[in-house]
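For reference, the structure is listed below as structure tokens.
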Amino acid sequence: MSKVSEKPVLVVDLDGTLLRSDMLYETFWSAFGTNWTSPFTSASALMQGKASLKRHLAQTSDLDVSLLPFDEGVINYIKTWRADGGRTALVTATDETIAHQIGDHLGLFDEVYGSDGVRNLKGPNKAGFLSEQYADGPGFAYMGDTN
């Protein structure tokens with residue numbers, strides 16, 4: 001019987017960490033390029049909160065995640081963590097639909113979590129989520145620019 005790894009889960013943030021950009025800007029400009037009225041519909045979505053805006057932009061943008069500016073140094077660190085037997089999670093305030101597209105594209109994450117259209121997984125919301133999600137077991141190590 002093999003022993004479960006005592007290594008914490010490596011939790012990686014997207015904006016400014018795995019990605020040398022911000023998905024809010026990427027999706028906004030992609031949506032705008034698709035439909036010139038998107039700033040107006042985005043403003044309407046924002047009235048329901050930032051998570052609603054992010055969901056709206058995820059649904060209206062035409063984003064090719066393979067073209068995003070990923071940080072190769074971060075990607076190499078994640079690969080090393082996994083090669084050493086560690087588990088990884090992408091946890092981001094970006095909408096979960098795009099987070100899963102990125103996770104599928106990179107193939108580096110055991111778990112992927114993002115904002116869900118109602119809860120914006122940023123700041124205190126992210127901290128609470130991480131504390132709950134990784135309360136059992138060896139915990140987590142966080143790789144991110146801020147929150």
Side-chain angles (χ1 to χ4, degrees), residues 5 7-134 137-147:
S5 173
K7 195 172 194 171
V9 174
L10 176 64
V11 172
V12 181
D13 183 37
L14 182 60
D15 298 330
T17 304
L18 179 60
L19 190 66
R20 291 184 321 253
S21 184
D22 188 301
M23 286 307 303
L24 188 60
Y25 303 136
E26 296 284 348
T27 54
F28 176 83
W29 289 112
S30 175
F32 184 58
T34 302
N35 184 341
W36 70 270
T37 65
S38 69
F40 305 107
T41 58
S42 295
S44 178
L46 181 57
M47 291 172 52
Q48 303 300 312
K50 276 194 104 170
S52 177
L53 170 63
K54 291 173 183 183
R55 173 61 47 97
H56 168 75
L57 290 172
Q59 293 172 339
T60 59
S61 64
D62 184 23
L63 194 67
D64 180 349
V65 298
S66 70
L67 300 176
L68 292 171
F70 294 105
D71 186 316
E72 288 301 318
V74 172
I75 287 174
N76 290 334
Y77 188 90
I78 296 166
K79 287 178 179 177
T80 300
W81 188 275
R82 289 175 60 90
D84 290 343
R87 293 184 50 78
T88 58
L90 175 61
V91 182
T92 176
T94 295
D95 189 78
E96 64 190 358
T97 57
I98 293 176
H100 282 283
Q101 290 173 15
I102 291 169
D104 291 345
H105 168 68
L106 294 175
L108 296 173
F109 298 101
D110 301 296
E111 307 167 34
V112 176
Y113 304 99
S115 296
D116 62 9
V118 176
R119 177 180 62 176
N120 187 25
L121 205 55
K122 184 171 176 94
N125 288 338
K126 183 187 269 187
F129 173 81
L130 292 173
S131 295
E132 269 183 42
Q133 186 70 23
Y134 301 107
F140 66 93
Y142 185 74
M143 176 186 271
D145 58 335
T146 55
N147 52 30

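- The aromatic rings of F40 and W36 lie perpendicular to each other, with more than 60° between the two planes, well past the 30° mark.
- Shortest non-hydrogen contact noted between A141 and W81 is CB-CH2, 4.2 Å.
- Separating the CD atom in Q59 from the OG1 atom in T97 is a distance of 7.0 Å, to the nearest 0.5 Å.
- One side chain, N120 or S115, offers a donor N or O that lies under 3.5 Å from an acceptor on the other.
- Residue Y113 holds its OH atom at 10.0 Å from CG of L130, rounded to the nearest 0.5 Å.
- T60 has its side chain out of reach of T34: every pair of non-hydrogen atoms, C-beta onward, lies at least 4.5 Å apart.
- Within the 4.5 Å cutoff, side-chain heavy atoms of I78 are placed close to those of L18.
- Relative orientation of the F70 and H105 rings is parallel, given thresholds of 30° and 60° on the angle between their planes.
- Counting only distance, with no hydrogens or angles, the side chain of T92 and the backbone of G114 share no donor-acceptor pair below 3.5 Å.
- Side-chain contact between K50 and L24 is present, with heavy atoms from C-beta onward closer than 4.5 Å.
- In this structure, the side chains of L63 and M23 come closer than 4.5 Å at one or more pairs of heavy atoms.
- Scanning both residues, G144 and D13, for their nearest heavy atoms gives CA-CB, 3.8 Å.
- Using modelled atom types, one side-chain atom of S52 and one backbone atom of A45 make a donor-acceptor pair closer than 3.5 Å.
- Of the possible polar contacts, none joining the S30 side chain to the E26 backbone as a donor-acceptor pair under 3.5 Å is found.
- Contact annotation: the side chain of Y77 never approaches that of V12 to less than 4.5 Å [non-hydrogen atoms, C-beta and beyond].
- Residues D71 and T17 form no side-chain contact, since every pair of their non-hydrogen atoms from C-beta on lies 4.5 Å or further apart.
- Considering all non-hydrogen atoms of both residues, E72 and R20 come closest at N-NH1, 4.4 Å.
- Proximity of a side-chain donor or acceptor of K126 to a complementary backbone N or O of A93 within less than 3.5 Å is not detected.
- Atoms OG1 and NZ, on T27 and K54 in that order, are 9.0 Å from each other to the nearest 0.5 Å.
- At least one side-chain heavy atom of V91 sits less than 4.5 Å from a side-chain heavy atom of L121.
- One distance of note links CZ of F109 with CZ of R82; it measures 8.5 Å at 0.5 Å rounding.
- A distance-only check finds no donor-acceptor pair linking the side chain of T94 to the backbone of D15 [under 3.5 Å].
- Note that CG of N35 is 12.0 Å distant from CG of D62, once rounded to the nearest 0.5 Å.
- The main-chain N or O of G86 is never found under 3.5 Å from a side-chain atom of D84 such that the two would form a donor-acceptor pair.
- For F129, the CZ atom sits in a packed shell: over 12 heavy atoms of surrounding residues, nucleotides or ligands are nearer than 6.0 Å.
- D110 places no side-chain N or O within donor-acceptor distance of the main-chain N or O of A89, the cut-off being under 3.5 Å.
- I98 contributes atom CD1, which lies 9.5 Å from atom CZ of R55 (distance to the nearest 0.5 angstrom).
- Listed here is the closest heavy atom pair of F28 and L57: CA-CD2, 3.9 Å.
- You'll find the side chain of H56 stays beyond 4.5 Å of the side chain of Q48, heavy atoms only.
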Evaluate side chain to side chain contact (heavy atoms under 4.5 Å, CB included) for L108 paired with K79, printing each intermediate quantity in order. CA-CA 7 Å; L108 296 173; K79 287 178 179 177; 3.7 Å; yes
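- Scanning both residues, S38 and F32, for their nearest heavy atoms gives OG-CA, 3.1 Å.
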